[in-house]
There are 4 protein chains.
Amino acid sequence: MALASGQRVRRAAVKLFATRGFHGTGIRDLARAAKLSSASLYHYMGTKEDLLADIMRDCLRDLITAATETLDGVQDPRERVIRLVTLHVRTHATQPEETRIVDNEIHVLSPNAQRSVIALRDEYERLWTQAIADGLAQGVFRTTQPAVTRIALLEMCNGVARWYSPRGQLSLDELGAHFAELALRGLGACPHGCTEGRSGGE
Amino acid sequence: MALASGQRVRRAAVKLFATRGFHGTGIRDLARAAKLSSASLYHYMGTKEDLLADIMRDCLRDLITAATETLDGVQDPRERVIRLVTLHVRTHATQPEETRIVDNEIHVLSPNAQRSVIALRDEYERLWTQAIADGLAQGVFRTTQPAVTRIALLEMCNGVARWYSPRGQLSLDELGAHFAELALRGLGACPHGCTEGRSGGE
Amino acid sequence: MALASGQRVRRAAVKLFATRGFHGTGIRDLARAAKLSSASLYHYMGTKEDLLADIMRDCLRDLITAATETLDGVQDPRERVIRLVTLHVRTHATQPEETRIVDNEIHVLSPNAQRSVIALRDEYERLWTQAIADGLAQGVFRTTQPAVTRIALLEMCNGVARWYSPRGQLSLDELGAHFAELALRGLGACPHGCTEGRSGGE
Amino acid sequence: MALASGQRVRRAAVKLFATRGFHGTGIRDLARAAKLSSASLYHYMGTKEDLLADIMRDCLRDLITAATETLDGVQDPRERVIRLVTLHVRTHATQPEETRIVDNEIHVLSPNAQRSVIALRDEYERLWTQAIADGLAQGVFRTTQPAVTRIALLEMCNGVARWYSPRGQLSLDELGAHFAELALRGLGACPHGCTEGRSGGE
DNA sequence: CATGAATGAGGCTTCATTCAT
DNA sequence: AATGAATGAAGCCTCATTCAT
């Protein structure tokens with residue numbers, strides 16, 4: 001069965017918003033890509049901005065759900081950072097369009113929509129903040145600038161959506177592992193259990 | 001003395017392109033911000049796209065010039081990375097608008113303009129590539145993914161333009177130092193001179 | 001029992017055409033007010049214009065019927081004018097929406113529909129013309145401009161639909177009586193039987 | 001010299017808004033009538049609604065100015081009513097388009113614009129209210145419903161804009177005189193100086 | 001009886017740009 | 001150096017209507 005029209009609109013929007021930007025994407029471009037008349041678009045969306053905000057919120061909600069699941073029951077802060085980075089990088093590598101939209105187009109939203117998106121983003125980043133804080137409290141991480149480091153690492157990982165290609169030499173697993181290592185290094189955590197002899201290691 | 005009109009156009013464009021994006025900035029917005037009529041803008045620019053490309057190229061040329069100067073005569077790869085990161089971060093912190101334009105709006109340029117900008121960007125990044133390659137060759141850096149690491153670090157540093165505020169707690173020097181340390185860690189170079197006994201350290 | 005859908009469409013159209021005008025009322029507005037989908041509207045009407053014309057014609061036909069009834073057997077021109085004015089005013093006061101539509105939206109009809117509505121309006125106004133002519137012929141009215149006076153009085157009475165509120169101080173009977181008096185005065189007929197002793201009067 | 005573009009826009013708007021209504025007039029219709037592209041219209045107006053509101057306000061301001069002038073120094077309430085009616089009728093006869101717009105399209109304005117127009121209309125109608133009140137106080141008029149009568153007379157006079165033709169049999173002076181007489185009759189003022197012997201007549 | 005899907009045409013407004021002055 | 005006037009194209013969105021289900 002052919003893809004439903006509503007799905008086609010969403011796909012087209014994701015692709016175009018990601019490649020040309022929100023303001024660079026016209027309603028006619030969307031219609032053409034979705035194989036609908038521009039009038040018909042409006043059966044499947046509110047305004048163009050609503051469509052954008054929906055894409056962003058869905059993407060962030062999925063990310064939060066996946067992060068919550070992957071962290072479930074994991075105590076060690078290093079492992080939590082590893083899992084967060086791995087998920088984050090994997091998501092940005094496999095869904096570069098959605099994530100680029102979230103990362104680049106927040107500022108075009110009107111205040112209300114922006115608030116709702118930022119709330120989700122903050123909810124997600126709190127998982128990072130908490131893992132880092134725990135690691136510092138446990139002496140597993142060493143950095144004098146946890147906040148700056150967190151945001152630096154996030155930006156680094158976000159960048160994946162801008163350059164990673166599945167046709168490159170790096171597999172998704174290798175990519176995730178490498179970034180996890182970069183993150184741990186940045187946080188001052190020796191990957192080989194540098195806290196042995198302290199509280200018993202992991 | 002009042003700022004010359006041409007300067008006002010440039011300043012307005014930098015601010016608006018950075019905050020609203022190229023497609024989100026209208027010629028009327030530019031005119032209003034430059035305190036000119038929209039017709040008068042065209043005494044100081046070619047097309048809107050020309051204005052964008054000029055901003056990008058100037059920014060990149062300045063960066064290349066500054067990088068070349070700061071690297072002049074410096075042999076040690078660690079020091080070169082430190083200086084590159086410091087300059088890069090400082091530039092992104094003090095000129096966040098110009099750098100964000102370079103980082104975000106390349107895709108709106110027409111092929112020709114895009115080529116000229118990308119050529120400059122590549123020229124600049126070669127300085128990073130070379131420093132890292134030298135460090136690896138000298139055994140000063142340890143990473144299995146130099147290319148990925150380079151781009152990851154660049155993205156991390158680019159991010160500074162998106163969040164750094166001079167009104168925050170971090171001074172420009174502290175910011176640069178912290179990022180330099182993150183970079184060295186990411187490249188596997190112990191900050192305290194891990195190659196002591198080799199070539200004498202820094 | 002719930003109001004039938006067809007009735008709801010008619011009521012919605014009357015209300016919306018009267019308050020927003022024909023061109024100011026969208027098919028979606030009608031659908032929403034009638035609690036139907038816009039497609040379903042078309043089970044109960046022809047085009048939007050047909051709906052408008054039907055409302056107008058029904059309103060005028062009702063008015064003609066009522067006027068004919070109330071004039072039945074009445075000979076005295078003053079009494080006929082009184083009854084016409086009273087009915088006209090009462091109709092405009094109790095059905096301000098329908099009458100405003102008739103008075104304001106004739107010009108949006110296409111030529112054919114317009115003709116049919118104007119024919120009914122003319123048929124109705126002939127009752128006024130005739131009463132006034134008879135009054136003049138009998139010396140009961142005195143005016144040098146019967147045609148102008150007729151139309152002036154009609155406009156005056158039409159206005160009732162624009163301002164009368166049942167929540168005001170004036171009852172419907174008082175309203176009718178006052179306008180009847182205004183009409184008789186305008187026609188030069190003393191309300192208290194000024195022609196007694198002439199041709200017998202009433 | 002050809003009519004300036006701005007003037008042409010105004011004229012076109014007056015004609016079209018009056019004959020087709022605001023919602024029945026498209027921006028393209030305006031452009032065609034003004035011999036401009038639809039984009040060029042926007043050099044001479046704000047929004048379409050601004051154009052409408054400007055027309056209304058100008059019309060009402062002119063009317064207020066003229067009414068104030070014509071009443072200047074006139075004490076007798078009958079004479080004031082005569083002058084108000086004459087001016088009102090003459091204005092509606094000679095500028096039927098502007099006045100019809102004022103009378104018919106107020107409801108399409110957004111709340112703010114509507115307020116400003118209604119304020120002017122009220123300012124004008126106060127002149128009527130005052131004249132009638134003075135006449136009642138002086139015993140020159142006799143009516144139990146001054147407010148209703150005022151609005152009835154106004155509606156009657158407004159109607160002139162809907163039907164009067166300069167090509168008809170009635171001159172402007174005759175028209176004004178006839179309506180003035182209708183108004184005085186409606187207010188219960190004998191035209192021949194019914195208050196002789198009271199305060200010395202007019 | 002009712003509607004979701006669909007659309008060509010058009011709604012109002014702004015776009016970037018040019019040119020005569 | 002500066003701008004008012006002008007515009008074709010395009011911006012986002014809604015219009016009234018049809019039709020298969």
Spacing of C:L16 atom CG relative to F:dC15 atom P, expressed in whole Å: 12 Å
Salt bridge present between D:R10 and D:D58 (N-O < 4.0 angstrom): yes
OP1 or OP2 of F:dA2 under 4.0 Å from side-chain N/O of B:S5: yes
Distance below 4.0 Å between A:R28 side-chain N/O and F:dA10 OP1 or OP2: no
Among E:dT13, F:dA1, E:dC15, the one nearest D:A39 by side-chain distance: E:dC15
Distance, rounded to the nearest Å, where D:L41 contributes CG and F:dA9 contributes P: 17 Å
Touch class at under 4.0 angstrom, heavy-atom based, for B:L36 against every strand present: sugar-phosphate
C:Y42, nearest nucleotide to its side chain (from F:dC13, F:dT18, E:dT13): F:dT18
Pair of N/O donor and acceptor under 3.5 Å linking F:dA1 base with B:H43 side chain: no
Any C:Y44 side-chain nitrogen or oxygen under 4.0 Å from OP1 or OP2 of E:dA2: yes
Euclidean distance, atom CG of residue C:D29 to atom C1' of F:dA16 [Å, nearest integer]: 12 Å
Pairwise 5' ranking along DNA chain E for B:M45 and C:K35, keeping only the more 5' one: C:K35
Presence of A:S37 side-chain N/O under 4.0 Å of E:dT7 phosphate oxygens OP1/OP2: yes
Name of the residue among A:V9, A:L36, A:T25 meeting side chain to side chain contact (heavy atoms under 4.5 Å, CB included) with A:L30: A:T25
B:T19 and B:E97: side chain donor to acceptor below 3.5 Å: no
Phosphate contact (F:dT17 OP1 or OP2) by C:S38 side-chain N/O below 4.0 Å: no
Partner nucleotide of F:dG11 by Watson-Crick or wobble geometry (both distances under 3.5 Å): E:dC12
Nearest-Å distance for atom pair CG/P, residues A:L52 and F:dC13: 12 Å
C:T91 vs C:E98 side-chain heavy atoms within contact, under 4.5 Å: no
Rounded distance in Å - CD1 (C:I27) to P (E:dA9): 19 Å
Presence of A:S40 side-chain N/O under 4.0 Å of E:dT7 phosphate oxygens OP1/OP2: yes
Spacing between D:R32 atom CZ and F:dT7 atom C1', to the nearest angstrom: 16 Å
Lys/Arg N to Asp/Glu carboxylate O, D:D103 vs D:R100, below 4.0 Å: no
Opposite nucleotide pairing with F:dA2, Watson-Crick or G-U, both atom distances under 3.5 Å: E:dT21
5'-most by nearest nucleotide on DNA chain F - C:K48 or A:G46: A:G46
Integer-rounded Å distance: F:dC15 P and C:F22 CZ: 13 Å
Side chain to side chain, A:I27 and A:M45, heavy atoms closer than 4.5 Å: yes
Nucleotide F:dT14, atom P - distance to CG of A:D50 in whole Å: 10 Å
